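Since the structure comes first, as structure tokens, the remarks are kept for the end.
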Amino acid sequence: MTDRDGDPQDAIDAQGERRRDGLDDRVFERSAGDDGEGIPFVGAGPGDPRLLTVAGKDLLEAADLVVHAGSLVNSELLEAYCAHAELVNSVGKDLEELIPLMRDAYEDGRTVVRLHSGDPAIYGAALEQMDALESEGVPTYVVPGVTSAFAASATLRTQLTLNEVANHVAFTRPQGKTLSADEDHISEFVGMGDVTTCIYLGTHAVRETMDRLLEDDHDPETPVAVIYHASWPDEDVIVGTIGDIADRVEEAGYRASALVVVGDVVTGAGYERSYLYGDWASGNAPD
């Protein structure tokens, strides 16, 4: 690193303090679909290159340098839209290496794109990179992507919310190195009954998660789906219940890269017709 480089943690702390004083003026000046100044943090989507947004595609095709999330981004997407650009895999690199890399390229006049898997807002660790870059005088902005829960829902031919089945959706992850046992609320979400629980980063912990749900007396027949590599060419769907999904996943041999969905929307059974296209829409709804 050069002498200019400060501690990224100091930058993150400083930006956090500034946010306590008020929102960044840019919040009120641009919306998610607008072109921005600086380095865009682009969501690559769940895997299929066609599920990249139009904005993301345009930015990648114009990029000189793409810093991407390694195998979490489909190589077909990189080949389709980034073949002309220098590609840097961010896996194994810390902030102290990534920030000067992107900053120096940007200051040299190169067009830089930071490419995250899915959507940067979901377990993406994007904000800390953005804060560190901003502290170095490099502006940043976010281009949303399609998160894997939406690809999984499409694969299952269902909705994450269904009238009289699920009114809420929880995006969560199981306890582990990042999340303590006290911070794991999966059992609470499932216990609410009308919540579709989408578990990220938890393929390796399916058995432990399901065992905890059983210990908490949740119905072992509650539907569960595990969607491996949603929208990728090797996508696989395993459907079971809280009681048996762990055996099914272990038999398939998956330890990562799957989205776990818990709730009755997995089967789509028992939902009621919504008001949207019924009497309410025609003005004949009862008072």
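The model shown is predicted, which means the values in this text are computed figures rather than measured ones.
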Contact check, side chains of Asp182 and Gln175, non-hydrogen atoms, under 4.5 Å: no
Stepwise side-chain contact (heavy atoms from CB on, under 4.5 Å) test for Met130 and Val142: CA-CA 9 Å; Met130 296 171 69; Val142 175; 3.6 Å; yes
Least distance between heavy atoms, Ser153 atom then Thr158 atom: OG-O, 2.9 Å
ILVMFWY network linking Val112 to Leu115, side-chain heavy atoms under 4.5 angstrom: no
Residue pair Glu128 / Leu95, side-chain heavy-atom distance below 4.5 Å: yes
Parallel, tilted or perpendicular: rings of Tyr228 and Tyr254 (30°, 60°): parallel
Path from Leu87 to Leu59 over hydrophobic side-chain contacts below 4.5 Å: yes
Glu251, CD: over 12 other non-hydrogen atoms inside 6.0 angstrom: no
Sole residue of Val262, Val260, Val261 in side-chain contact (heavy atoms from CB on, under 4.5 Å) with Val226: Val260
In one Ile/Leu/Val/Met/Phe/Trp/Tyr side-chain cluster, 4.5 Å: Leu214, Ile199: yes
Stepwise side-chain contact (heavy atoms from CB on, under 4.5 Å) test for Asp216 and Val190: CA-CA 10 Å; Asp216 289 343; Val190 174; over 6 Å; no
Donor-acceptor contact below 3.5 Å, side chain Thr197 vs main chain Ala170: no
Where Thr203 and Ser257 come nearest, the two heavy atoms and their spacing: OG1-N, 3.7 Å
Face-on cation placement of Arg173 at Tyr123 ring, 6.0 Å and 45° thresholds: yes
Rounded distance [0.5 Å steps], CD in Glu136 versus CG in Asp131: 12.0 Å
Aromatic plane relationship, His229 with Trp232 - under 30° parallel, 30 to 60° tilted, over 60° perpendicular: parallel
Inter-residue atom distance Thr140.OG1 - Glu37.CD, 0.5 Å rounding: 10.5 Å
Same apolar cluster (I L V M F W Y, side chains within < 4.5 Å links), Leu201/Leu259: yes
Validation row: Tyr200, Ser148 side chains within 4.5 angstrom (heavy atoms): yes
Under 3.5 Å: donor-acceptor pair, side chain of Asp184, backbone of Ala181: no
Any side-chain heavy-atom pair of Ile238 and Ile245 under 4.5 Å: yes
Closest contact, heavy atoms only, Val249 versus Val206: CG2-CG1, 4.4 Å
Distance-minimising heavy-atom pair for Pro120 and Phe41: CG-O, 3.9 Å
Inter-residue atom distance Tyr106.OH - Thr111.OG1, 0.5 Å rounding: 9.5 Å
Main-chain N/O of Ala166 paired to Asp194 side chain as donor or acceptor, under 3.5 Å: no
Distance, nearest 0.5 Å, that separates CD1 of Ile186 from OG1 of Thr209: 4.5 Å
Short side-chain donor-acceptor distance under 3.5 Å, Ser187 and His218: yes
Closest non-hydrogen atom pair between Ile99 and Gln129, with its separation: CD1-O, 3.7 Å
Neighbour count above 12 (heavy atom, 6.0 Å) for Tyr271 OH: no
Arg207/Glu250 under side-chain contact (heavy atoms from CB on, under 4.5 Å): CA gap, chis, key distance, verdict: CA-CA 9 Å; Arg207 181 168 296 281; Glu250 288 179 3; 2.7 Å; yes
Same apolar cluster: Leu133 and Leu65, side chain cutoff 4.5 Å: yes
Cys198 to Leu160 - nearest heavy-atom pair and separation: SG-CD2, 4.2 Å
Check ion pair Asp35-Arg30 (N to O, under 4.0 angstrom): no
Gap between atom CG of Asn74 and atom OG of Ser231 - 0.5 Å precision: 7.5 Å
Distance, nearest 0.5 Å, that separates NE2 of His116 from NE2 of His68: 12.0 Å
Evaluation steps, side-chain contact (heavy atoms from CB on, under 4.5 Å), between Val169 and Thr161: CA-CA 7 Å; Val169 181; Thr161 61; 3.6 Å; yes
